[in-house]
Asker: 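This is the structure, below, for whatever I ask next.
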Amino acid sequence: FPVTIMLIRIAQEADLIYWRPYANFKDGIWWMDEGEPDERLERFAALVASAERSACEKECYIQASFGNDDERFGARQCGYAIRARGIKHD
């Protein structure tokens, strides 16, 4: 997906924005309530970070298919390190 569409979907998932019919627009507009977005903004940031980690991890594993043994090993280790960043430890 293009980045804009992905961010809109993530913002929807975090309940940060919603679609609202609007008289001056043909179909409507994306809307965010006034006031502090509180935990919704934190959830949005966490979801964006997770999506970014996932995309980077995927790219590392794709790169692990190319190059010599050392390059492939390095790409796999990069993917493992990115995945570990998303694991919560007690």
Side-chain angles (χ1 to χ4, degrees):
F1 294 108
V3 173
T4 305
I5 293 171
M6 182 183 71
L7 289 174
I8 288 172
R9 288 182 178 184
I10 292 172
Q12 282 180 286
E13 186 177 337
D15 294 325
L16 194 60
I17 63 172
Y18 57 91
W19 187 252
R20 176 178 171 181
Y22 196 72
N24 293 338
F25 292 86
K26 181 180 176 185
D27 297 318
I29 59 172
W30 289 107
W31 195 262
M32 185 170 122
D33 290 330
E34 291 184 30
E36 295 297 318
D38 47 60
E39 72 280 346
R40 294 174 293 165
L41 188 57
E42 291 177 21
R43 178 162 164 69
F44 174 74
L47 289 168
V48 169
S50 176
E52 181 181 25
R53 275 193 307 274
S54 178
C56 291
E57 180 184 3
K58 180 179 176 183
E59 186 60 31
C60 287
Y61 293 131
I62 289 170
Q63 292 303 315
S65 301
F66 304 99
N68 62 36
D69 288 343
D70 289 338
E71 292 167 338
R72 290 193 307 270
F73 176 79
R76 281 192 306 275
Q77 293 303 309
C78 178
Y80 298 150
I82 291 169
R83 182 185 307 158
R85 288 189 58 129
I87 298 173
K88 300 218 186 278
H89 300 283
D90 294 329

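As a basis for the values below, the full set of heavy atoms in this structure was taken, side chains included, without hydrogen atoms, waters or symmetry mates. Residue numbers run from 1 in the order of the sequence given.
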Asker: About how many Å separate CD1 of I62 and NZ of K58, when rounded to the nearest 0.5 Å?
Answerer: 5.5 Å
Asker: Can you measure from CZ (R76) to OG (S65) and round to the nearest 0.5 angstrom?
Answerer: 9.0 Å
Asker: Answer yes or no: is there a donor N or O on one side and an acceptor on the other, between the side chain of R43 and the main chain of A14, under 3.5 Å?
Answerer: no
Asker: With a 4.5 Å heavy-atom cut-off, do R72 and D69 have their side chains touching?
Answerer: yes
Asker: I'd like to know if L47 and M6 are part of one continuous hydrophobic network [Ile/Leu/Val/Met/Phe/Trp/Tyr, side-chain heavy atoms within less than 4.5 Å].
Answerer: yes
Asker: To the nearest 0.5 Å, how far apart are CD in E59 and CD1 in I82?
Answerer: 9.5 Å
Asker: Quick check for you: to the nearest 0.5 Å, what is the distance between E39 atom CD and L16 atom CG?
Answerer: 10.5 Å
Asker: Is any side-chain heavy atom of R53 closer than 4.5 Å to one of S50?
Answerer: yes
Asker: So which heavy atom on I8 is nearest to which on I17, and how close?
Answerer: O-CD1, 4.0 Å
Asker: More than 12 foreign heavy atoms under 6.0 Å from CD of E52: is that the case here?
Answerer: no
Asker: At their closest point, which heavy atom of L7 faces which heavy atom of F44, and how far apart are they?
Answerer: O-CE1, 3.8 Å
Asker: Does Y18 have any side chain to side chain donor-acceptor pair (under 3.5 Å) partners at least two apart in sequence or in another chain, and if so, which?
Answerer: D33
Asker: Do you know the tightest heavy-atom contact between R83 and Y61?
Answerer: NH2-OH, 3.0 Å
